[in-house]
Each structure stands twice: as structure tokens, then as C-alpha cells.
Amino acid sequence: MVLAADLDGIVLDRSAFYPGGGGQPPDHGVLLWGGVQTRIVDARKGSDDVYLVPLDTDPLPPVGTVVRGAVEDARRTALMRTHSGLHVLCGVVFRDFGALVTGGNMDVLTARMDFNLDSVPPGFREAVEEACNAEIRSDRRIVVSTLPRAEAFQLPDIIRTATNLVPEDVKDVRIVDVVGLDQQADGGTHVASTAQVGRVSVVKVENKGKGFRRLRIAVGD
Ligand SMILES: [Zn+2]
């Protein structure tokens, strides 16, 4: 049901739209009401609510309207594959090269991740790509759980980023575990096992300054 609807966005009493976060872009989709459709082209989290941003030429459902939402499945699935692929990349680069993540960004089936890595050995790009795809083929489970903060931070290597980005006031920490490879505090959406990622290509390794390497990946079938 629509609780608010204006140029800032549409607020519903509940919805399955992911508002974006942790580097993962928001869902797109559509709201259906009485034969009318309102296309949703962006979403973001306000202080409490999720704001669904409509295409500006589509009609706004009035407050009180009961709507049915549909998340654009192809986009969401591609973003989940990309996000899980990035965690495989993090796990491999940490395990094999001891490098921590300093930043990252993702879009549909493409992503970049920055690592704190002093030198790049010969064959680095190929080695990382091969190791990622070996982990994908071995079909590791990806398990999401929530732990109290104190307990979460006792897990070894739980914060893969070079700095701890989990705000002080967060009491429960959501953990995404690529079982046996990578455990991170993370708010995004993921596929259920690594085989569902598909195939990761390491497209480029860029040198962005002292100890700062940017890896660009593409996710395919
Ligand atoms: Zn993540």
C-alpha cells in the first residue's frame, strides 16, 4: 500500500525492492495498480523508508492505493551474480596475494575493485582469473546470516576492507559467507552458490599509484 508519493519517490508499507548499498546498485521494476503501471527506475534508502523513484512521465499512485510490485528480475539476478563474483575476487586476492580491499563499484555484469597491493607479479591477471573461476566451478555455498556485533568481529578476517566501514551504532552485523573462501560484513544480495556467478574475466589491472591496484572484471556465462 502507498504511504507517500511525491517527487522524492513512492513509499510503500512493504516492498522487495533493494534500495542499493554496499556498492550494489538499486533494483528497477514496476508497480501495478488498477491497470496502470508505474515504472521504477531508481530506489534509495531514507532514514527509515525505502523511496522508489518512478519514471518521471509515469503516473504516481495516490496515497492509500494498493499496488503490486515487480522487481526487474534480469537486472537483479545480474547484480547478484556480479556482487557474488566480487566476493570471490576478494577472497582469491586476499588468500593468494594478501591484499585488502580499499574500494569498489559494480554495475550490471561489470565491476571494479581496488586493492592495497604493493607489486603485481608477472601473470597476476591470469592467475587471479583462473583462481576465481576454479572457485566458481567448485560451487561453494554462499550463506547469509546475522550476528551480534561483538560475535561478528571475532570471526577472523571478517572485515576485508582496509578500514572497518560498519558504523559504530550497528548492533547486528549481516555476514555473507562464501563458505571456505571469503567472509564479509555485507548488506547486498547474492546468489546461493558460486556456480551461479557464471564466469569471471579479469579484464584489466590498473596501477593507480603506490600500492593502489584497480581490477576490472566482467561476469559472463
Ligand atoms: Zn559485498
Less than 4.5 Å apart, side chain to side chain, heavy atoms only: is that true for Arg199 and Asp221? no
Using a 3.5 Å distance criterion without hydrogens, assess whether the side chain of Arg76 forms a donor-acceptor pair with backbone atoms of His28. no
Please report the interatomic distance CG(Asn207) to CZ(Phe212), rounded to the nearest 0.5 Å. 9.5 Å
Taking the side chain as every heavy atom from C-beta outward, state whether Leu3 and Asp49 have any atom pair closer than 4.5 Å. no
Check: Val200 and Val88 side chains under 4.5 Å, non-hydrogen atoms: no
Check step by step if side chain to side chain contact (heavy atoms under 4.5 Å, CB included) holds for His83 and Asp186. CA-CA 10 Å; His83 197 164; Asp186 186 83; 3.2 Å; yes
Please round to the nearest 0.5 Å and tell me the distance separating atom CG of Leu109 and atom CG of Leu79. 8.0 Å
Tell me whether Thr102 contacts the main-chain N or O of Asn116 through its side chain, where contact means a donor paired with an acceptor under 3.5 Å. no
Residue pair Tyr51 / Val11, side-chain heavy-atom distance below 4.5 Å: yes
Hey, any chance Val41 and Val67 share a hydrophobic cluster, counting ILVMFWY side chains that come within less than 4.5 Å of each other, even indirectly? no
How long is the span from the CZ atom in Arg214 to the CG atom in Asp114, to the nearest 0.5 Å? 4.0 Å
Distance, nearest 0.5 Å, that separates CZ of Arg141 from OG1 of Thr194: 11.5 Å
Donor-acceptor pair, side chain of Asp27 and main chain of Glu72, under 3.5 angstrom: no
Got more than 12 heavy atoms from elsewhere within 6.0 Å of CD, Glu130? no
Angle between ring planes, Phe97 versus Phe124, binned at 30° and 60°: parallel, tilted or perpendicular? perpendicular
Looking at Arg174 and Asp172, is any side-chain nitrogen of the basic one under 4.0 Å from a carboxylate oxygen of the acidic one? no
Using the rule that Ile, Leu, Val, Met, Phe, Trp and Tyr join whenever any side-chain heavy atoms are under 4.5 Å apart, tell me whether Val50 and Met80 fall into a single cluster. no
Using a strict threshold of under 4.0 Å (side-chain N to carboxylate O), is an ion pair present between Arg125 and Glu129? yes
Could you measure the distance from the CZ atom of Arg213 to the NZ atom of Lys208? Nearest 0.5 Å is fine. 12.0 Å
Taking all non-hydrogen atoms of both residues into account, name the closest pair between Arg81 and Val197 and its distance. NE-O, 2.8 Å
Test of understanding: clusters of I, L, V, M, F, W, Y form through side-chain heavy atoms closer than 4.5 Å, transitively. Do Tyr18 and Ile10 belong to the same one? no
Go through Asp13 and Met1 one step at a time and tell me if the side chain to side chain contact (heavy atoms under 4.5 Å, CB included) criterion holds. CA-CA 6 Å; Asp13 59 339; Met1 193 175 72; 4.0 Å; yes
Would you name the heavy atoms of Ala131 and Asp96 that are closest together and state the gap between them? CB-OD2, 3.8 Å
Exercise: identify the closest heavy-atom pair between Ile175 and Ala185: CD1-CA, 4.4 Å
Treating Ile, Leu, Val, Met, Phe, Trp and Tyr as nodes and any side-chain heavy-atom pair under 4.5 angstrom as an edge, say whether Leu147 and Val179 lie in one connected cluster. no
So do the side chains of Val205 and Phe115 get within less than 4.5 Å of each other, counting heavy atoms only? no
With no hydrogens and no angle check, is any side-chain donor or acceptor of Thr77 less than 3.5 Å from a backbone partner on Ala74? no
Could you check whether any side-chain heavy atom of Ile142 comes within less than 4.5 Å of a side-chain heavy atom of His87, counting everything from C-beta outward? no
Taking all non-hydrogen atoms of both residues, which atom of Leu31 and which atom of Gly69 are closest, and how far apart? CD2-CA, 3.8 Å
From the list Pro19, Pro26, Pro54, Pro25, side chain to side chain contact (heavy atoms under 4.5 Å, CB included) partner of Asp42 resolves to Pro26
Between Asp58 and Thr38, do the side chains contain a donor N or O and an acceptor N or O under 3.5 Å apart? no
Evaluation steps, side chain to side chain contact (heavy atoms under 4.5 Å, CB included), between Arg216 and Thr110: CA-CA 8 Å; Arg216 294 187 184 276; Thr110 64; over 6 Å; no
Rounded distance (nearest 0.5 Å) linking atom CG of Asp182 with atom CZ of Phe94: 9.0 Å
When hydrophobic residues are tied together by side-chain contacts of less than 4.5 Å, even through go-betweens, does Val191 share a cluster with Val144? yes
Can you name the nearest heavy-atom pair linking Leu86 to Asn105, along with the distance? CD1-O, 4.4 Å
With a 4.5 Å heavy-atom cut-off, do Pro148 and Lys171 have their side chains touching? no
Within a 6.0 Å radius of atom NZ on Lys45, are there more than 12 heavy atoms belonging to other residues, nucleotides or ligands? yes
Is the side chain of Arg149 donor-acceptor paired with the backbone N or O of Val170 at a distance under 3.5 Å, no angle test? yes
Does some side-chain heavy atom of Cys90 sit less than 4.5 Å from a side-chain heavy atom of Gln184? yes
Given Ile217 and Met113, is the side chain to side chain contact (heavy atoms under 4.5 Å, CB included) satisfied, shown in steps? CA-CA 8 Å; Ile217 64 165; Met113 188 128 274; over 6 Å; no
Closest contact, heavy atoms only, His190 versus Ser84: ND1-OG, 3.0 Å
